[in-house]
Amino acid sequence: MTQSTPSSTRILPWLLSAALVTGCANIQDDQQRTQAEGAAAGAVLGALVGYAIDRERGAAIGALIGGGAGFVVGNEIAKRKKAYANTEDFLNAQIARVAEFNRTTLAYNDKLHREIASLDRESKRLQAQYKSGAVKKQTLVSKRNALNEKIAGSKKLEQTLVQEQQVQSQILADERKTRPANDPYIRKLEHEVKTLQGNIDTLRSNNTQLAQIDPRLSV
């Protein structure tokens with residue numbers, strides 16, 4: 001198994017982030033750029049989901065907005081708007097972005113739900129075996145360390161999704177001031193943002209259940 005060095009862990013996220021930004025900026029056609037941004041959002045979110053599952057696949061975590069210091073909603077919106085010639089193209093890009101976040105998070109939540117059920121059974125079994133002397137303390141310690149890594153990665157995903165939801169909610173608040181009632185762009189984005197909130201709530205519940213397993217492995 002290949003080990004990532006500290007320097008590569010720091011450098012790779014920024015390389016991926018720069019590549020994504022440059023790639024989208026160089027696309028002249030607005031429709032193509034919208035599709036590219038949606039794909040880029042899926043790629044970086046997928047990398048974070050990879051981080052939550054397997055630390056070795058998490059180098060791209062720094063490319064996400066949740067990975068940077070000094071995150072400000074207004075600055076993030078301004079940065080995204082610069083890439084588009086008009087508001088409609090910008091809104092289309094955000095709709096595609098959030099839709100991709102939703103698809104990826106839904107898949108992650110389904111996987112995590114199954115893992116929680118498995119970990120719940122395993123932790124109870126290990127706890128009973130430890131009390132009976134069938135397994136050593138180190139077995140529970142190793143399992144607990146792996147669980148805590150999973151919890152940390154999953155909480156990072158939750159944090160990133162919450163930040164994305166904050167950005168999109170502010171975009172909606174800003175655009176409702178100038179766009180007509182029943183605007184199709186607003187309706188589509190509202191639908192995706194509402195779905196995102198539901199996915200965040202599910203993830204938060206999953207993370208709570210995951211954390212409740214930890215005390216059983218504490219020895």
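All residue numbers refer to positions in the sequence shown, counting from 1. Quick caveat, the model's predicted, so the values are computed rather than measured.
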Please determine whether salt bridge (Lys or Arg N to Asp or Glu O under 4.0 Å) holds for the pair Lys155 and Glu158, giving the CA-CA distance in whole Å, both sets of side-chain angles, and the decisive distance to 0.1 Å.
CA-CA 5 Å; Lys155 291 293 289 184; Glu158 180 185 329; 3.6 Å; yes
If we ignore hydrogens and angles and just use 3.5 Å, is the side chain of [X] paired with the main-chain N or O of [Y] as donor and acceptor?
X: Ser169; Y: Gln165; result: yes
X: Ser218; Y: Asp214; result: no
X: Ser132; Y: Gln129; result: yes

In one Ile/Leu/Val/Met/Phe/Trp/Tyr side-chain cluster, 4.5 Å: Val193, Leu106
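No, Val193 does not connect to Leu106 through the hydrophobic network.
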Joint hydrophobic cluster, Ile151 plus Leu119, side-chain heavy atoms closer than 4.5 Å
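Yes; Leu119 is reachable from Ile151 via cluster members.
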So how far is it from [X] [atom1] to [Y] [atom2], rounded to the nearest 0.5 Å?
X: Leu157; Y: Gln159; atom1: CG; atom2: CD; answer: 10.0 Å
X: Ile213; Y: Arg121; atom1: CD1; atom2: CZ; answer: 10.5 Å
X: Gln209; Y: Ser205; atom1: CD; atom2: OG; answer: 4.5 Å

Minimum heavy-atom distance [X]-[Y], with the two atoms named:
X: Leu161; Y: Phe101; result: CD2-CD2, 3.6 Å
X: Val167; Y: Val73; result: CA-CG1, 4.0 Å
X: Asn206; Y: His113; result: OD1-ND1, 4.2 Å
X: Val219; Y: Lys137; result: CG2-CG, 3.4 Å
X: Phe90; Y: Ile171; result: CZ-CD1, 3.6 Å
X: Tyr185; Y: Ile95; result: O-CD1, 3.6 Å

Asn102 and Thr195: side chain to side chain donor-acceptor pair (under 3.5 Å), yes or no, with the steps?
CA-CA 7 Å; Asn102 280 326; Thr195 301; 4.7 Å; no
Can you find a heavy atom in the side chain of [X] that is under 4.5 Å from one in the side chain of [Y]?
X: Leu112; Y: Glu115; value: yes
X: Ile186; Y: Leu172; value: yes
X: Asn199; Y: Leu203; value: no
X: Leu217; Y: Leu147; value: yes
X: Arg204; Y: Asp201; value: yes

Judged by modelled atom types alone, do Ser154 and Asn207 share a side-chain donor-acceptor pair under 3.5 Å?
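Indeed, the side chains of Ser154 and Asn207 share at least one donor-acceptor pair under 3.5 Å.
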Just to verify, which of Gln166, Glu164, Gln170 counts as forming a side chain to side chain donor-acceptor pair (under 3.5 Å) with Gln168?
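Among Gln166, Glu164, Gln170, the one that satisfies the side chain to side chain donor-acceptor pair (under 3.5 Å) with Gln168 is Glu164.
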Picking from Arg216, Arg125, Gln212, what satisfies side chain to side chain donor-acceptor pair (under 3.5 Å) with Asp120?
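Answer to the side chain to side chain donor-acceptor pair (under 3.5 Å) test with Asp120 among Arg216, Arg125, Gln212: Arg216.
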Please step through side chain to side chain contact (heavy atoms under 4.5 Å, CB included) for the pair Ser142 and Gln138, ending with a clear verdict.
CA-CA 6 Å; Ser142 297; Gln138 187 55 43; 3.2 Å; yes
Arg103/Glu192 ion pair, N-O < 4.0 Å
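Result for this pair is no, no salt bridge flagged.
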Output, in order, the C-alpha distance, side-chain angles, deciding distance and verdict of side chain to side chain contact (heavy atoms under 4.5 Å, CB included) for Thr87 and Arg179.
CA-CA 10 Å; Thr87 304; Arg179 300 192 70 82; 3.8 Å; yes
Evaluate the side chain to side chain donor-acceptor pair (under 3.5 Å) criterion for residues Asp89 and Asn86: first the C-alpha distance (whole Å), next the side-chain angles of each, then the deciding distance (0.1 Å), finally the verdict.
CA-CA 6 Å; Asp89 291 328; Asn86 57 63; 3.0 Å; yes
Take Glu76 and Lys81 through the test salt bridge (Lys or Arg N to Asp or Glu O under 4.0 Å) and record every step on the way to the result.
CA-CA 9 Å; Glu76 180 65 23; Lys81 280 187 172 182; over 6 Å; no
